> 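Below you'll find the structure I mean.
Computed from a prediction, not measured in an experiment: that's the story for all the values here. So you know, we letter chains A, B, ... as the sequences are listed, proteins then strands, and number each from 1.
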Number of protein chains: 2
Amino acid sequence: MTKIVRIKDIAAMANVSMGTVDRVIHKRGKVSEDALKKVMDVLEQINYKPNLIARTLSSSRTYRVASLLPDAELDSFWRSSIQGIQRAHSEHSQFGMTISYHFFDPYSGDSFREQAHNALETDPDGILLAPTLRQEALDFAEVCQQHQIPLVCFNTYIHELAPLAFIGQDLHQSGRLAAELMTMIASPGTILITHIGEQVQNSAHIGAKETGFREFMQENGSSHFEFSAVQLESPASPDFKASLAQALETHPHTKGIYVTTSKAYEIARSLEELGKTDICLIGYDLIDENLTHLRNGTVNLLINQNSDRQGFLGISYLTDHLVFQKPIPALQYLPLSIVTRENLDSYLANGDAVQ
Amino acid sequence: MTKIVRIKDIAAMANVSMGTVDRVIHKRGKVSEDALKKVMDVLEQINYKPNLIARTLSSSRTYRVASLLPDAELDSFWRSSIQGIQRAHSEHSQFGMTISYHFFDPYSGDSFREQAHNALETDPDGILLAPTLRQEALDFAEVCQQHQIPLVCFNTYIHELAPLAFIGQDLHQSGRLAAELMTMIASPGTILITHIGEQVQNSAHIGAKETGFREFMQENGSSHFEFSAVQLESPASPDFKASLAQALETHPHTKGIYVTTSKAYEIARSLEELGKTDICLIGYDLIDENLTHLRNGTVNLLINQNSDRQGFLGISYLTDHLVFQKPIPALQYLPLSIVTRENLDSYLANGDAVQ
DNA sequence: TTGTATGCGTTATCAC
DNA sequence: GTGATAACGCATACAA
């Protein structure tokens, strides 16, 4: 049992006062060369670990974090991220963390800029961002950098943002996984990779998945499968179903469809109407609309992006950084969870209870 | 922003001293009817949330937790549990948690009793137990109850233990999942459920998986699949491989094998020697021996019991209970994670970084 | 039975 | 530059 060393002890060892030690540790300056050396010498010998409990109690300062992500009303994918953030919030409010929420329209740059502005208005000590809009996010990150506000990003990886931390999935590997699952489950034939009325901004995002998918397919199973990328209309459009039917006509031996977004339910709905439910359908994310079709079997598998955990970890990392001044990983990939009808409940039951 | 109420504030409101409020809150007695009523009235009006930071700092007491689980040297399955415990330990040592480790031989009741004795000798404030040996665990739980020591169990569910919390998997559902995956992947034919030189004590444990497997099979896929449970020799025995070969002869149309334990690698090894690697093999747990065969394709899927998270959560729950006096869930099922070659790394990379 | 004073380790604010 | 000292909110020992 190594005895715990306090600032008081260090002060005694270095023959200075607690105040001086404090100034050295926090690099506040106003310390003579002489005193500095004495304290540093002691610090090198012993292993000082500050008592974080005492620190947070004493400094009793509060940290403001602004979260900036798409509005779940406009894309329900984000609902679980928000839940994760809120859960982290309630757990970390103990440490003086307060969180403000700023939701933007994922399809509107103006909306993003407006909410980003609001976020900065709160004079935050840290920012959690889902950078779905590339250029807007880059501009925003620059402002954060100028203001020296730590930035943690999640869900969408944008290399140039260079945030303090990124939390999300390895999309390339995710595509490989989808391909592997497809070759396991689908009968030999054609596999379609669908792009559903994609936003241009997301092209990099989607591209990584498709590249991974193709890579796996070329390495394996190319003898049994052929595959093709098809562009469908937006589900909002009345032509959506027709464009899917068209694709299936063009590729009559379609045995599987890989949906690179969380919109698998749109495909499922149309497949059910077309009576083509024997096609193996793999998509993303445990949103309610998808679960219906996973349960009835039209969707065979969902890959879970664990977006609740992304939100939770995002806040956790910011608390670690701000409150506890702990190092945090620059890049945190989350597991690529495979969800079927039979393990779905085990994932749903976990949102609130598990860290 | 609701202002934070402290004991001091309550005392002022109730016209008593802080000491009295403290005695009421902690039910220490020695309070007059009159004072009690005054304080209770105030407590009902306001929503007092004690500052846990201040509490732990003040009552700088330490909590001893004894962990009691099988020796990873004797069964490497437990290695990751230990890692999870250690990770939780390093994170929670801040709060005055100390942990002692007591490893027993999973096949020896005597070894268990000896280590259980050692654990109690440390005069622990809480105990984390992997109750692999049923009767021994029941006896031990009784002692814990007598001593009023909170008990948290993980991995093996034993209803009669009635611990403060159990953390693990829903084994019945796990069996259903395995069956579902088998019907997805394997070609129509015979599926074998193997029991490998099982310990009698584990029969309940294994039974739930098999029941779930059968249940799913009867509900679905019974037209394409038939299945059969086979008992194999212990892998330690020289007859192990022969007993497997024998089973495959008896069931010539075997297309899949479900191994209900973490010993899939033993089957894989023999299948490779027998040249029968086209059989779909599903097992449990990301232990090194299994990973080799998952990577080379003999093992098709592993279901991950997340044993590192089990250990981590076990300690976390005990800290929550002891240090923070927070309520903890009595039953915490973890996700049934499906691991393939392509998402394996995403699981391995997560052990240390994610809570 | 009650109230008060002291300490937990750190931070922050003063005088010096 | 430096070193005391008062908070932070709670628990506890002790005095009344």
> Within the pair R55(A) and dG9(C), is there a side-chain N or O less than 4.0 Å away from OP1 or OP2?
no
> May I ask you to say what A35(A) touches in the nucleic acid, namely base, sugar-phosphate or nothing, with a heavy-atom cut-off under 4.0 Å?
sugar-phosphate
> If you check the V31(B) side chain, which of dT2(C), dT11(C), dT2(D) turns out closest?
dT2(C)
> Any N or O donor-acceptor pair linking the side chain of S59(A) to the base of dT11(C) at under 3.5 Å?
no
> Pick one: which of I127(A), L164(A), L318(A) meets side chain to side chain contact (heavy atoms under 4.5 Å, CB included) with L151(A)?
I127(A)
> Counting only side-chain heavy atoms from C-beta out, which of dC8(D), dT2(D), dT2(C) sits nearest to T20(B)?
dT2(C)
> How do V16(B) and S58(B) order along DNA chain C: which one's closest nucleotide is nearer the 5' end?
V16(B)
> Is the shortest distance from a Lys or Arg side-chain nitrogen in K38(A) or D41(A) to a carboxylate oxygen in the other one below 4.0 Å?
no
> Pair S80(A), S307(A) - check side-chain hydrogen bond (donor to acceptor under 3.5 Å, both in side chains), show working.
CA-CA 6 Å; S80(A) 55; S307(A) 41; 2.7 Å; yes
> What's the closest nucleotide to the side chain of L57(A) if the choices are dC8(D), dT1(C), dT4(C)?
dC8(D)
> Expressed as a whole number of angstroms, how long is the span from K37(B):NZ to dT2(C):C1'?
19 Å
> Can you check the K30(B) NZ to dA16(D) C1' distance for me, whole Å?
15 Å
> Counting heavy atoms from C-beta on, name the nucleotide in dG9(D), dT2(D), dT11(C) closest to the side chain of R28(A).
dT11(C)
> Please work out whether the ring planes of F312(B) and H92(B) are parallel, tilted or perpendicular, with thresholds of 30° and 60°.
tilted
> Which one, dG9(C), dT11(C), dT2(D), comes nearest to the side chain of N51(A)?
dG9(C)
> Tell me if the side-chain of R23(B) makes a donor-acceptor pair with the base of dG3(C), cut-off 3.5 Å, by modelled atom types.
yes
> Would you say S58(A)'s side chain and A54(A)'s backbone share a donor-acceptor pair under 3.5 angstrom?
no
> Does OP1 or OP2 of dC10(D) have a side-chain N or O of Y48(B) closer than 4.0 Å?
yes
> Using heavy atoms to find the nearest nucleotide of DNA chain D for E33(A) and A54(B) separately, return the residue whose nucleotide is more 5′.
E33(A)
> From the list dC10(D), dA12(C), dT2(C), which nucleotide is the closest neighbour of the side chain of S32(B)?
dT2(C)
> Which one, dT12(D), dT10(C), dC10(D), comes nearest to the side chain of R6(B)?
dC10(D)
